[in-house]
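Report on the following structure.
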Amino acid sequence: MDKTYQPEQIESRWYERWEADNRFAPSGEGEPFSIMIPPPNVTGSLHMGHAFQDTIMDTLTRWRRMQGRNTLWQVGTDHAGIATQMLVERKVAAEEGKSRHDLGREAFTDKIWEWKHESGGHITRQLRRMGASVDWSRERFTMDDGFYKAVQEVFVRLYEEDLIYRGKRLVNWDPTLHTAISDLEVENKDQQGQFWHFRYPLADGMTTDDGKNYLVVATTRPETLLGDSAVAVNPEDPRYASLVGKFVDLPLVGRRIPVVADEHADMDKGSGCVKITPAHDFNDYEVGKRQDLPLINVFTKDAAVLAAAEAFDLQGRPLADIDTSLPAAYAGLGRFEARERIVADMDAAGLLEQVETVNNTLPFGDRSGDVIEPLLTDQWFVAVEELAKPAIAAVENGDIEFVPKNYENMYFAWMRDLQDWCISRQLWWGHRIPAWYDAEGNVYVARTAEEARAKHDLPADLELTQDEDVLDTWFSSGLWTFGTLGWPEQTPELATFHPSSVLVTGFDIIFFWVARMIMMTLKFTGEVPFKQVYVHGLVRDGQGQKMSKSKGNVLDPIDLIDGIELDALVEKRTGNMMQPQKAKAIAKATRGEFPDGIEPHGTDALRYTFLSQATTGRDIKFDMGRLDGYRNFCNKLWNASRYVLMNAEGQDCGAAGGEVELSLADRWIVSQLQKTEAQVTKAMEEFRFDHASQALYDFVWNEYCDWYLELSKPVLWDDAASEAAKRGTRRTLVRVLEAVLRLAHPMMPFISEEIWQRVAPLAGTASEGGSESVMTQPWPLADEALIDDDATRDIEWLKGVIVAVRNVRAEMNIAPGKPLEVLLTKGTAGDSARLEANRPFLAKLAKLESVTWLDDPEQAPLAATQLVGEMEVLVPMAGLIDKDAELARLAKEIDKQDKLIGGIEKKLGNESFVAKAPEAVVQKERGKLEDFQATRRVLVEQRDKIAAL
RNA sequence: AGGACCAUAGCUCAGUUGGUUAGAGCGCCACGUUGACAUCGUGGAGGUCGGCGGUUCAAAUCCGCCUGGUCCUACCA
């Protein structure tokens with residue numbers, strides 16, 4: 001083995017080997033365990049969130065596989081409609097100077113497929129770098145043929161049950177992307193805006209009660225004035241009661257519109273009058289429905305003003321009897337330009353009463369960044385009410401369990417107030433909606449045009465054209481758990497691996513994805529999609545900031561694994577920016593934070609860092625310090641293994657039998673191993689990866705390396721030790737390490753495999769040069785019978801004495817290597833026996849020349865003293881003591897004991913405590929009091945002795 | 001406006017059903033080339049557990065209020 005751990009040398013090698021050996025496929029035996037990967041965008045690349053999530057899934061998968069479960073980690077990618085289309089659109093524009101419309105639908109989607117083939121391997125290669133043990137042979141894509149079929153099937157069946165319908169509705173329209181988007185894709189941002197108060201003249205000579213011939217309405221969107229259908233006042237408002245049913249003349253347009261009474265009007269806001277524009281505002285749309293108002297659309301799909309408005313009734317049928325003429329001056333103006341012109345014109349007409357500056361919230365499309373426009377368009381919807389009921393019940397009755405539990409409330413709140421889901425998108429990339437139209441606009445929903453004809457008895461020569469729209473990406477990803485397993489065919493995989501065991505996902509897509517999967521899967525399989533949902537937080541930077549290109553704080557997991565030069569990192573963070581003016585500051589911050597770039601850390605260290613920080617549900621602040629620390633941990637494990645191999649390879653480790661004698665240390669470390677195995681297993685079961693990683697780290701570093709390896713040296717290097725004793729220690733060294741590697745494997749797959757290959761043959765769990773992998777070894781099971789409390793107590797005693805001597809050395813400034821004479825006194829017979837049993841260990845680890853048992857404490861020379869239980873550890877200090885320093889130290893120690901004693905005495909002096917606290921607690925306090933008092937006595941004795949010098 | 005979560009050492013975080021001398025890693029200080037490891041070893045310093053009040057024999061832990069932070073939902077004509 002190399003002297004230093006070199007992750008890059010082992011990681012790619014092992015992944016290729018595992019894949020070649022088909023280690024990731026289900027075994028076909030045992031209780032099934034399955035995880036469906038949240039499919040990343042096919043053209044995307046791995047970010048920290050993926051790396052984190054993949055680590056958790058892989059750890060669970062490897063662990064369950066080792067437990068003997070029939071394990072499938074299903075992999076695949078998502079076509080990601082809008083994101084992918086936009087990306088290719090930009091690429092085509094940059095490279096060919098063409099828009100997608102220049103190319104046409106077919107040629108453009110061909111371009112996307114080309115791009116998919118070209119770049120689609122990127123994310124999967126990165127997944128391999130993370131060590132993900134997914135079954136590549138079953139890789140799926142949401143637009144592959146089988147999935148397309150599943151999507152069509154679901155659409156047709158839902159339509160046949162009247163759970164999908166088409167209609168003209170107000171939707172969130174993205175004027176840049178020219179598509180509807182869902183509520184979830186709208187990001188509301190606070191802005192400072194203006195609030196214009198307009199006068200709407202009353203028609204027919206009417207006046208208000210206070211004699212005005214106009215009503216005042218206020219709006220943040222003057223341009224929608226063109227589409228007003230009414231002015232509303234509150235039915236309870238006495239000021240306007242006489243005007244309800246009368247009319248106003250809509251300024252600039254000249255249309256007569258009614259004054260209606262509706263509860264939407266708030267008497268306490270502004271004038272109490274509100275303009276109603278049902279075709280351009282969601283609240284007004286509701287008012288329109290209640291008041292039976294016409295829907296007057298005044299915008300094009302670009303959100304520019306139409307030459308003539310379009311009027312519809314609430315069912316979306318054109319209305320002929322409405323005057324749809326609009327002022328020619330605004331035709332073709334964009335909405336913001338129209339706004340300015342309208343405000344100016346109102347002002348000029350003397351109808352602008354007031355302008356206020358206010359804070360308001362604007363809706364932005366999360367992809368385009370454009371301001372979203374509520375627009376009346378023809379769309380397809382899923383009626384969700386019926387689907388939601390069983391989906392809510394499944395979580396209520398525990399068929400699906402969220403971890404942590406509090407996300408269930410978030411889920412319920414959303415599910416109980418669900419709007420119908422707009423599933424059509426005016427995009428070219430996605431699943432084409434399986435609906436056909438004839439020349440008269442009749443719609444036929446079927447799996448194919450042929451099926452549509454057959455079903456509806458249509459003549460063969462009737463021309464049918466397919467709906468131009470595609471489905472929302474989440475419609476198809478909602479079918480992910482069963483679509484990937486071959487549904488609608490009843491495949492064996494579907495029978496075996498569905499429902500999946502656990503979904504690992506971020507809280508940000510509970511609504512987008514999790515909720516919809518639950519609804520769709522229950523509907524079509526009658527099963528829940530997964531039994532548990534492990535919800536994790538966002539990976540943020542060290543300061544708790546969201547990682548984003550514009551902030552310049554993005555870390556690429558691959559750079560953490562392989563390392564990156566400073567200049568390359570700066571270039572990566574500042575190149576190709578949307579806001580190039582930030583580049584300088586980002587470069588400076590990056591050079592400040594990583595003056596030497598980023599060192600390579602390896603995948604295992606990165607995974608371990610994620611796991612150690614994986615506290616359920618909370619966002620994690622990625623800690624570079626921990627990454628270094630766990631790289632060091634890998635190095636520690638590496639070097640400990642080198643020590644073991646140096647002492648075990650070519651030696652008799654007891655695998656072939658032979659007499660074996662186990663030392664106290666051997667029995668102790670085996671005992672500690674059992675406890676660690678139990679802890680790690682329990683933590684895994686509870687999704688507490690932080691605890692699992694911590695327990696393993698503690699055992700490896702603080703027990704196995706710090707103590708056991710040191711304790712093994714006196715046995716292995718002592719010529720006087722028996723062959724049976726050496727064999728026992730070698731066997732223990734090797735066996736414990738072998739178990740540790742199995743325990744570590746789900747968390748650190750690469751280093752554990754690399755070392756295991758060398759260690760397992762020595763431990764007798766694998767054959768020399770064999771084809772086994774740690775991946776498929778049994779998960780270590782704690783054996784209660786091997787827990788040895790006596791050995792633990794003895795080793796604790798030994799450690800106590802060694803630490804006591806080290807303390808003395810540090811305090812007295814004695815060189816660490818200087819051999820010392822040590823006396824033990826005031827101990828029990830047990831202490832004396834322990835000394836005899838552990839003399840060689842003590843001498844070696846505490847660097848002692850001699851250890852003497854002193855029966856008569858009076859014989860003790862002047863010495864630095866430490867306590868181990870009742871026993872005193874004396875390091876004779878003839879003439880070497882700095883009297884003042886030692887007195888000061890002792891005074892401080894005595895003071896500390898006094899405080900502890902005082903605290904307990906107060907507690908024990910409290911009658912209620914003694915009366916009400918459990919007896920065990922009281923006894924414990926009494927015990928502590930005695931200990932502290934004993935310590936204090938020794939310290940005082942020592943102080944008096946030194947003071948007397 | 002409603003709701004969720006969080007606040008523990010300089011930093012990142014553990015702390016199970018109330019009973020610990022409140023822990024870990026990193027960082028810091030001192031010492032150290034002992035035959036696995038300086039990506040290391042040994043020892044150490046460092047905490048009014050955000051504030052106030054309550055319940056209790058006993059509160060970092062339970063309850064209430066307050067402050068600060070993160071996020072979600074809704075509204076903003």
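Chain letters run A, B, ... following the sequence lines, proteins first, then strands; residues in each count from 1.
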Please report the distance separating the [atom1] of [N] from the corresponding atom of [M], rounded so that it comes out in whole Å.
N: rG64(B); M: rU55(B); atom1: C1'; value: 11 Å
N: rA22(B); M: rU48(B); atom1: P; value: 13 Å
N: rG19(B); M: rA36(B); atom1: P; value: 43 Å
N: rC37(B); M: rU21(B); atom1: P; value: 40 Å
N: rG54(B); M: rC13(B); atom1: P; value: 33 Å
N: rA58(B); M: rC65(B); atom1: P; value: 23 Å
N: rG50(B); M: rG15(B); atom1: P; value: 15 Å
N: rG69(B); M: rC29(B); atom1: P; value: 34 Å

Could you state the atom-to-atom distance from [atom1] of [X] to [atom2] of [N] in whole Å?
X: Ile510(A); N: rC5(B); atom1: CD1; atom2: P; answer: 13 Å
X: Arg416(A); N: rA74(B); atom1: CZ; atom2: C1'; answer: 18 Å
X: Asp619(A); N: rC71(B); atom1: CG; atom2: C1'; answer: 8 Å
X: Lys621(A); N: rA14(B); atom1: NZ; atom2: P; answer: 11 Å
X: Leu716(A); N: rA36(B); atom1: CG; atom2: P; answer: 11 Å
X: Gln613(A); N: rA14(B); atom1: CD; atom2: P; answer: 9 Å
X: Ile751(A); N: rA36(B); atom1: CD1; atom2: C1'; answer: 13 Å
X: Lys713(A); N: rU34(B); atom1: NZ; atom2: P; answer: 10 Å

Under 4.0 Å between a Lys/Arg side-chain N and an Asp/Glu carboxylate O for [X] and [Y]?
X: Glu649(A); Y: Arg758(A); result: yes
X: Lys844(A); Y: Glu710(A); result: no
X: Glu930(A); Y: Arg926(A); result: no
X: Arg809(A); Y: Glu811(A); result: no
X: Lys621(A); Y: Asp541(A); result: no

Would you classify [X] as touching base, sugar-phosphate or nothing, given that sugar-phosphate means primed atoms plus P, OP1 and OP2, and contacts are heavy atoms under 4.0 Å?
X: Asn647(A); value: nothing
X: Cys705(A); value: base
X: Leu709(A); value: base
X: Phe622(A); value: nothing
X: Thr220(A); value: sugar-phosphate
X: Met410(A); value: nothing
X: Trp638(A); value: nothing
X: Glu710(A); value: base
X: Thr219(A); value: sugar-phosphate

inquiry  = So, under a plain 3.5 Å distance rule, would you say the side chain of Arg806(A) forms a donor-acceptor pair with the base of rU42(B)?
reply    = no
request  = Indicate, yes or no, whether a donor-acceptor pair under 3.5 Å links the base of rC13(B) to the side chain of Thr615(A).
outcome  = no
request  = Establish, yes or no, whether a centroid distance under 6.0 Å links the rings of Tyr214(A) and Tyr200(A).
outcome  = no
ask   = Would you say the ring centroid of Phe689(A) lies under 6.0 angstrom from that of His691(A)?
value = no
request  = Answer yes or no: is there a donor N or O on one side and an acceptor on the other, between the side chain of Asp619(A) and the main chain of Leu538(A), under 3.5 Å?
outcome  = yes
task = Tell me which of Leu362(A) and Tyr5(A) sits closer to the 5' end of RNA chain B, going by the nucleotide each one is nearest to.
result = Tyr5(A)
request  = Between Asp690(A) and Asp706(A), name the one whose nearest nucleotide on RNA chain B is closer to the 5' end.
outcome  = Asp690(A)
Does [X] make a side-chain N or O approach to OP1 or OP2 of [N] shorter than 4.0 Å?
X: Asn807(A); N: rG44(B); result: yes
X: Lys636(A); N: rC37(B); result: no
X: His691(A); N: rG15(B); result: yes
X: Lys546(A); N: rU70(B); result: no
X: Asn639(A); N: rA38(B); result: no

request  = Classify every nucleotide of nucleotides 19-30 of chain B by which part a protein heavy atom approaches to under 4.0 Å, writing B for the base, S for the sugar-phosphate alone and - for neither, in 5'-to-3' order.
outcome  = BSB--SB-----
task = For the residue pair Trp414(A) and Phe511(A), categorise the inter-ring angle as parallel (less than 30°), tilted (30 to 60°) or perpendicular (more than 60°).
result = parallel
request  = Anything under 30° is parallel, anything over 60° is perpendicular, the rest tilted; go ahead and classify Tyr697(A) against Tyr630(A).
outcome  = perpendicular
ask   = Think Arg416(A) forms a cation-pi with Phe412(A), using NZ or CZ under 6.0 Å from the six-ring centre and within 45 degrees of its axis?
value = yes
query = With a cut-off of under 6.0 Å to the ring centre and 45° to the axis, is Lys636(A) in cation-pi contact with Tyr5(A)?
reply = no
key: Greater than 12 external heavy atoms within 6.0 Å of Glu685(A)'s CD   = yes
key: Closest listed nucleotide, where the reference is the side chain of Asn283(A) and the choices are rC37(B), rC76(B), rC57(B)   = rC76(B)
key: Minimum-distance nucleotide (side-chain atoms of Met646(A) versus rC37(B), rC71(B), rA36(B))   = rA36(B)
remark   = Stems for RNA chain B (at least 3 consecutive Watson-Crick or G-U pairs, under 3.5 Å) come to B:1-7 with B:67-73, B:10-13 with B:23-26, B:28-32 with B:40-44, B:50-54 with B:62-66
